[in-house]
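Below: the structure, in structure tokens.
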Amino acid sequence: MKAKPHHHHHYNGNGGGGGGGNGSESSSSTSPSPPPSPRRHSSTLSHCRRKFRSKPISVVAGFLLLRRFLRLLVVLPLLYVSGLIMCVGPFSGLVGHTPLPGSVYRSHEMFELLWPHIQADNSTPIELSSVWRYRRKLKEQKPCPPSTAGLQLESPGPSVYLIVEVNGGLNQQRSAICNAVALAGLLNAILVIPNFEFHNVWRDPSTFGDIYDEDHFIATLEGHVKVVKELPEMVLERYDHSIANIPTLRVQAWAPVRYYKGEVYPILQRQGVIRIAPFANRLAMNVPPSIQHLRCLANYEALKFSSPISNLARKLVERMTEMSSRTGGKYVSIHLRFEEDMVAFSCCLYDGGEAENSEMNSIRQKGWGDKFKRKGRVTLPGLNRIDGKCPLTPLEVGMMLRGMGFDNSTSIYLASGKIYWAEKHLAPLLKMFPYLHTKESLATPDELAPFKGYSSRLAALDYTVCLSSEVFVTTQGGNFPHFLMGHRRFLNGGHAKTIIPDKRKLVVLLHDMSISWKDFKLEMEAMLTESDRKGKIIPRVKKFTKKSSVYSYPLPDCGCLQKHNSTRIDPSAHS
């Protein structure tokens, strides 16, 4: 690794909340491609050939066997995929195979079949105050690590500065900011308020100060990591007053501490300032506790939404609570990823027929060019659905929740962007849950006007309302639910209080036209119980991965920051 340089059941789909566009916000890495290998000289080739000829015959035979084995590794998966294509793909009708269970979208048929039974169901509904039964016994928290925990490689010298360029949607940016704070602490550097790159997907020109309270950020980190709004004049002079002139370091994703210690720190000491771009996931999750604490401090205390966002978000939470008087002020929030670009990117098919297929092809071509037409690329919608990779429709989410025991008196907050074919797809959800609200129905047009066209600011409103809900439902993954679940764990004694659908199981059940409403309910109740059980699980220490990070599982690392005397979430205190 080298260092180079949302009134009542009203829906308006113009919001850009819920976290962004095509799903690339999820934990995709923006690390650059490796440089091409240098061309070998003919003399080197000749030398290699001479060395090869001198090898014993047994080595050559072993090499040939390895080549045959590698060919089998390539051929066998292709044969397997070909067989699945015959079962699931367009040729299944020709060869007489029945589509695999769950491979075809039939949820709309299932809803029409079971709707009379859903309406006639007079069983006692679940109470929101008793959804979560599993409890985690909180351990006595250790004191927070000392604030001075960076690399003590040599005696303190002149001040050095760290500049990072962050990209992506709201929560990918959040991840980068927290990582930057940790890295600044590690390198004993002064952090310059991160710069937000404009992205063609989210198309949000917001700056750090538009989303977060800069002064609160700087003050909270004081004594841990020094943060400045801009580089000092004397440093800027060296680069003609242009940050673009500062050499950029290209760092591999998830770089470990030893890399920064050995490669980046010396450069920082020589130049006095370094710029790392892009900076999405450029620091490993496994870092010393004192550095991990800086991530926690940044995420749960320093990052507070700016006044325009936090003020409106507080009003939305208050209004949602008032709308939920039937259930003691408690409500369910759903992060729905059924925007047209998300549907297109998933390559899944629903009930729109050829018109839908043609429209999705057009959206894919416009958004991603020939990416989905490259030679050798096979798109299998049926397999995507079986594998749980297709975004759940509003209808599917509604049937799941009714099956779990939530009745039509439940208040629902829908966090989403513009729903694909909204009128059609939201109709069955509204039949099942008439008390459906969004930020567009809770806020007045004048209140929302300053947020229009700013996807990250709209997502911040959704984030806060979802954070305050009694039940959160995630439907597709990505950075938004991962960060939100972690934040909910931090505030709820270690429990995420989140429903995570088993989509592989759900699509099979929604494909079975013979299943009764009673049996479907039993399956959904079991799914809710499993979400409850998993909601309190903490991964083994030191086993963090990209998907099970300190941002998703903040305990025990961030436990010293918890305030256990708080019984209600204050949106103004948490972003």
Practice task
Give the C-alpha distance, both sets of side-chain angles, the deciding distance and a yes or no for side-chain contact (heavy atoms from CB on, under 4.5 Å) between Leu283 and Arg295.
Solution key: CA-CA 11 Å; Leu283 179 62; Arg295 278 178 163 143; 3.6 Å; yes
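- Under the 6.0 Å distance and 45° angle rule, Arg326 counts as a cation-pi partner of Tyr435.
- Proximity of a side-chain donor or acceptor of Asp387 to a complementary backbone N or O of Lys389 within less than 3.5 Å is not detected.
- In this structure, CG in Asn492 is found 15.0 Å from NZ in Lys536, a value given to the nearest 0.5 Å.
- The salt bridge (charged side-chain N to carboxylate O under 4.0 Å, His left out) check on Asp512 picks up nothing, with sequence neighbours excluded.
- The nearest pair of heavy atoms linking Leu561 to Glu301 is CD2-OE2, 3.6 Å.
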Handout entry: Steps toward side-chain contact (heavy atoms from CB on, under 4.5 Å) verdict (Val465, Tyr331)
Key = CA-CA 10 Å; Val465 183; Tyr331 58 92; 3.6 Å; yes
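- Of the possible donor and acceptor atoms, one in the side chain of Gln292 sits under 3.5 Å from a partner among the backbone N and O of Met285.
- Note on Asp351 versus Lys424: salt bridge recorded, some NZ/NE/NH1/NH2 to OD/OE distance being below 4.0 Å.
- Between His335 and Phe480, the ring planes are parallel. Angles under 30° get that label, and only those over 60° would be called perpendicular.
- For the pair Ser175/Asn281, a side-chain contact is recorded, criterion being any heavy-atom separation below 4.5 Å from C-beta on.
- Residues Arg488 and Cys466 are not in side-chain contact: their nearest non-hydrogen atoms beyond the backbone lie 4.5 Å or more apart.
- For Glu109 (side chain) and Arg106 (main-chain N/O), no donor-acceptor pair under 3.5 Å exists by modelled atom type.
- Nearest heavy atoms, Thr379 versus Cys347: CG2-CB, 3.4 Å.
- Judged purely by atom type and a 3.5 angstrom limit, Lys503 has no side-chain atom pairing as donor or acceptor with the backbone of Gln476.
- With Tyr300 as reference, Phe490 is the one residue of Phe490, Tyr551, Phe483 to meet the ring-ring contact (aromatic ring centres under 6.0 Å, His included) rule.
- Looking only at distances, a side-chain donor or acceptor of Ser516 sits under 3.5 Å from a matching main-chain atom of Asp519.
- Contact of the Ile177 side chain with the Tyr212 side chain is registered, since non-hydrogen atoms from C-beta on lie closer than 4.5 Å.
- The only member of Leu442, Leu436, Val317, Ile334 that meets side-chain contact (heavy atoms from CB on, under 4.5 Å) when paired with Tyr413 is Leu442.
- In terms of heavy atoms, Gln562 sits closest to Arg489 at NE2-O, 4.0 Å.
- Salt-bridge annotation for Glu339 and Arg337: present, with a side-chain N of the basic residue lying under 4.0 Å from a carboxylate O of the acidic one.
- Around CZ of Arg133, the count of heavy atoms belonging to other residues, nucleotides or ligands within 6.0 Å does not exceed 12.
- Counting only distance, with no hydrogens or angles, the side chain of His495 and the backbone of Asp532 share a donor-acceptor pair below 3.5 Å.
- Here the shortest heavy-atom pairing between Ile363 and Ala344 reads CG2-CB, 3.7 Å.
- Rounded to the nearest 0.5 angstrom, Ser531 OG and Tyr134 OH are separated by 11.5 Å.
- For the atom pair Leu401 CG and Ile126 CD1, the distance stands at 10.0 Å (nearest 0.5 Å).
- For the pair Asn384 (side chain) and Cys348 (backbone), a donor-acceptor distance under 3.5 Å is absent.
- Taking the six-membered ring where tryptophan is involved, the planes of Trp368 and Phe372 are perpendicular, since the angle between them exceeds 60° and thus also 30°.
- Taken to the nearest 0.5 Å, the OG atom of Ser456 stands 11.0 Å off from the CG atom of Leu461.
- Interatomic distance, OG1 of Thr475 versus CG of Leu506, reported as 11.0 Å (0.5 Å rounding).
- Of the possible donor and acceptor atoms, none in the side chain of Arg457 sits under 3.5 Å from a partner among the backbone N and O of Asp204.
- At a threshold of 4.0 Å, the pair Lys497-Glu470 counts as salt-bridged, since one of the basic side-chain nitrogens sits closer than that to a carboxylate oxygen.
- The neighbour count for Glu525 CD, taken as heavy atoms of other residues, nucleotides or ligands under 6.0 Å away, is above 12.
- Distance alone, capped at 3.5 Å, places no donor-acceptor pair between the Ser358 side chain and the Glu354 backbone.
- For the residue pair Tyr420 / Glu359, a side-chain donor-acceptor distance below 3.5 Å is found, with atom types taken as modelled.
- The shortest distance between side-chain heavy atoms of Ile499 and Phe406 falls below 4.5 Å.
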Practice task
List the steps and the verdict of side-chain contact (heavy atoms from CB on, under 4.5 Å) for Thr393 and Leu429.
Solution key: CA-CA 9 Å; Thr393 64; Leu429 180 60; over 6 Å; no
Exercise for the section: Just do the side-chain contact (heavy atoms from CB on, under 4.5 Å) check on Lys371 and Phe345 with the steps written out, would you? Expected result: CA-CA 10 Å; Lys371 176 178 181 177; Phe345 190 82; 3.9 Å; yes
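- Contact check on Glu530 versus Arg533 returns a salt bridge, with a Lys/Arg side-chain nitrogen under 4.0 Å from an Asp/Glu carboxylate oxygen.
- Here the closest non-hydrogen pair linking Gly102 and Ile386 is C-CG1, 4.0 Å.
- Asn179 is not listed as a side-chain neighbour of Arg282, based on a closest heavy-atom distance of 4.5 Å or more.
- Remark: the backbone N or O of Leu510 is not paired with any side-chain donor or acceptor of Ser107 at under 3.5 angstrom.
- With respect to Asp407 and Arg402, no salt bridge is recorded, no charged nitrogen being found less than 4.0 Å from a carboxylate O.
- A cation-pi arrangement is found for Arg174 relative to Tyr463, the charged atom lying closer than 6.0 Å to the ring centre and inside a 45° cone about the ring normal.
- Here the shortest heavy-atom pairing between Met524 and Met404 reads O-CG, 3.4 Å.
- Of the inter-residue distances, the one linking Ile412 atom CD1 with Leu414 atom CG reads 8.5 Å to the nearest 0.5 angstrom.
- For Lys505, the NZ atom sits in a packed shell: over 12 heavy atoms of surrounding residues, nucleotides or ligands are nearer than 6.0 Å.
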